[in-house]
Amino acid sequence: MHTAEHDWITTPITADILRGALDLERTPHGLLPHRLPARARAQCADGQLAMAESQPSGVRLAFRTGATAVELDTLPTKRVYVGVPPRPDGVYDLLVDGRLTRQAHVTGGNTLTIDMATGTAEHRPGPAGTVRFTGLPEGVKNVEIWLPHNETTELVALRTDAPVEPIPDRGRRVWLHHGSSISHGSDAASPSTTWPALAASLGGVELLNLGLGGGALLDPFTARALRDTPADLISLKLGINLVNSDLMRLRAFTPAVHGFLDTIRDGHPTTPLLVVSPILCPIHEDTPGPSAPDCAALSSGRLLFRATGDPAERAGGKLTLTVIRDELARIVRQRAADDPNLHHLDGRDLYGQDDAAELPLPDRLHPDAATHRLIGERFAGRAFTTGGPFADHTA
């Protein structure tokens, strides 16, 4: 599988050179990074969440080396949606000393064919492939390979033409973030340019991204995973999945948010904790879920979403983004009286009405690459700078 023009050194892939994963599963092919621990995975039978948490958003190999050539064998799982144009192969970002230097793809791999009209899926096995980076700068440097944020990726082998060692601790704070597919990186250009990755880079922190496509649902097992994960900073971006799944009513939402925060505080009693409400999403501002594919658009090969609820159902407790924003602000305001390290950010400060006119959501739910950059820059400006909830007071 690898090329022969170099004297390759194969380095075992271990936790000390892998960042952003909470668990590593041994598979017949190698290692599968997970972003939820085994106990959490065992408590949920939701196939969507299982797929999302195994997609390595924010997971990267990070090592120090004098190598000028690097090869990584992986077994990706590609998603194919029936009736929709093929998705591009996942992107691997190579960062050298913190700068995006190269990008590459792995062809082949397993295929997961999803029929959104029927809700069925079919898995077909395929071969592993190799991502190769050559001509790297001479000398010892920090190298990071960010794995495709939207493509389940089993790690098979790492080869370099010089020895590899873990990057020494740089004293950076760890930022643990949880959110929906937007935080996961849906429609971002590449794994190091999702909005949380961009914000982490601007804030000078180490990212642990628990953005879970379709899975920000106030699940108790996710709260326990956040509770048990060491972190210096924590943020929660809540709302859109609760609307577009139509999972609960306002009566259940309020105590579920309190319970989620209580659990996190059991493990992080004084850690700066930022609750972020949803960014603007016009279809769900005042119309409840669930969301569904727009069949007319799907028949012409476009994936667009629509809100299928009735605005009149708000009177019965159905959730909209407007309702959730108001309630999250109220909950944080109430709790902050006894919790000075709890903070709130209105998601419309990251992407609001004026932005939607200039940068509309392409499928009506998810931001594009330019909007990921906008959100990442705005989050960094509001959270990490002087006066923000994540400002570094030791700097």
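Along the sequence shown, residues carry numbers from 1. As the structure is a computational prediction, the values presented were derived from the model and not from experiment.
- Legend: salt bridge (charged side-chain N to carboxylate O under 4.0 Å, His left out) pairs involving residues 114-129, not counting sequence neighbours, sorted by first then second residue: Glu122-Arg124.
- Leu212 approaches His178 most closely through the heavy-atom pair CD1-CE1, 4.1 Å.
- No side-chain donor from either of Asn209 and Thr194 sits under 3.5 Å from a side-chain acceptor of the other.
- For Asp97, the CG atom counts as densely surrounded, since its 6.0 Å shell holds more than 12 non-hydrogen atoms of other residues, nucleotides or ligands.
- Leu208 and Ala21 make their closest contact through CD2-N, 4.3 Å (heavy atoms, listed as atom of the first residue, atom of the second, distance).
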Legend entry - Test side chain to side chain donor-acceptor pair (under 3.5 Å) applied to Asp286 and Thr322, step by step: CA-CA 6 Å; Asp286 297 299; Thr322 300; 3.2 Å; yes
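- Judged purely by distance below 3.5 Å, without hydrogens or angles, the side chains of Ser183 and His177 pair a donor atom with an acceptor atom.
- Residues forming a side-chain contact (heavy atoms from CB on, under 4.5 Å) with Ser181 (at least two apart in sequence, or on another chain): Ser186, His366.
- Side-chain contact check for Glu327 and Thr254: at least one donor-acceptor pair (N or O, by modelled atom type) lies under 3.5 Å.
- Classification of Glu53 and Arg35 as a salt-bridged pair fails, no side-chain N sitting under 4.0 Å from a carboxylate O.
- Qualifying side-chain contact (heavy atoms from CB on, under 4.5 Å) partners for Arg26, counting only residues two or more places apart in sequence or in other chains: Leu31.
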Residues 305-312, side-chain donor-acceptor partners within the protein, below 3.5 Å, at least two apart:
residue	atom	partner	partner atom	Å
Thr308	OG1	Pro290	O	2.6
Asp310	OD1	Ala312	N	2.9

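- For Thr130 and Asp73, the side-chain atoms include at least one donor-acceptor pair closer than 3.5 Å.
- In this view, Val91 and Asp93, Gln103, His105, Ser190, Pro191 satisfy the side-chain contact (heavy atoms from CB on, under 4.5 Å) rule, not counting sequence neighbours.
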Legend entry - Chi angles and distances behind the salt bridge (charged side-chain N to carboxylate O under 4.0 Å, His left out) call for Arg325, Glu285: CA-CA 10 Å; Arg325 282 195 204 96; Glu285 289 298 307; 2.8 Å; yes
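- Judged by distance alone, the side chains of Glu25 and His34 do bring a donor and an acceptor atom under 3.5 Å apart.
- Atom OG1 of Thr134 is separated from atom CG of Asp161 by 9.5 Å, given to the nearest 0.5 angstrom.
- For Arg99 and Glu144, the salt-bridge test fails: no basic side-chain N is under 4.0 Å from an acidic carboxylate O.
- Partners of Ala104 under the side-chain contact (heavy atoms from CB on, under 4.5 Å) rule, at least two apart in sequence or in another chain, are Val131, Phe133.
- Checked by atom type, the side-chain pair His123/Thr111 shows no donor-acceptor distance below 3.5 Å.
- With a 4.5 Å cut-off between side-chain heavy atoms of Ile, Leu, Val, Met, Phe, Trp and Tyr, the cluster of Leu100 takes in Leu95, Trp146.
- Rounded to the nearest 0.5 Å, atoms CG (Leu321) and OG1 (Thr287) are 9.5 Å apart.
- Taking the six-membered ring wherever Trp is involved, the centroid distance between the rings of His184 and Trp195 does not fall below 6.0 Å.
- Residue pairs meeting the salt bridge (charged side-chain N to carboxylate O under 4.0 Å, His left out) criterion with at least one member in residues 248-270, sequence neighbours excluded, are Asp246-Arg249, Asp262-Arg335, Arg265-Asp339.
- Residues satisfying the ring-ring contact (aromatic ring centres under 6.0 Å, His included) test with Phe384, not counting sequence neighbours, are Trp175, Phe390.
- The two residues Pro168 and Arg64 have their closest heavy-atom pair at CD-CD, 3.9 Å.
- Both Leu210 and Ile264 belong to a common hydrophobic cluster when Ile, Leu, Val, Met, Phe, Trp and Tyr are linked at side-chain heavy-atom distances under 4.5 angstrom.
- A distance-only check finds a donor-acceptor pair linking the side chain of Lys141 to the backbone of Ala67 [under 3.5 Å].
- Scored by the side-chain hydrogen bond (donor to acceptor under 3.5 Å, both in side chains) test, Gln48 finds no partners at all (sequence neighbours excluded).
- Side-chain contact of Ser180 with Asn241: a donor-acceptor pair under 3.5 Å is absent, judged by distance alone.
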Inset, instruction - Begin with the C-alpha distance, continue with both residues' side-chain angles, and end with the deciding distance and a verdict on salt bridge (charged side-chain N to carboxylate O under 4.0 Å, His left out) for Asp294 and Arg364. - result: CA-CA 10 Å; Asp294 186 319; Arg364 302 178 185 152; 3.3 Å; yes
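- Note on residues 10-22: pairs passing salt bridge (charged side-chain N to carboxylate O under 4.0 Å, His left out), not counting sequence neighbours, are Arg19-Glu206.
- The two residues Thr152 and Met51 have their closest heavy-atom pair at OG1-O, 3.9 Å.
- The stretch residues 217-242 participates, sequence neighbours left out, in no salt bridge (charged side-chain N to carboxylate O under 4.0 Å, His left out) pair at all.
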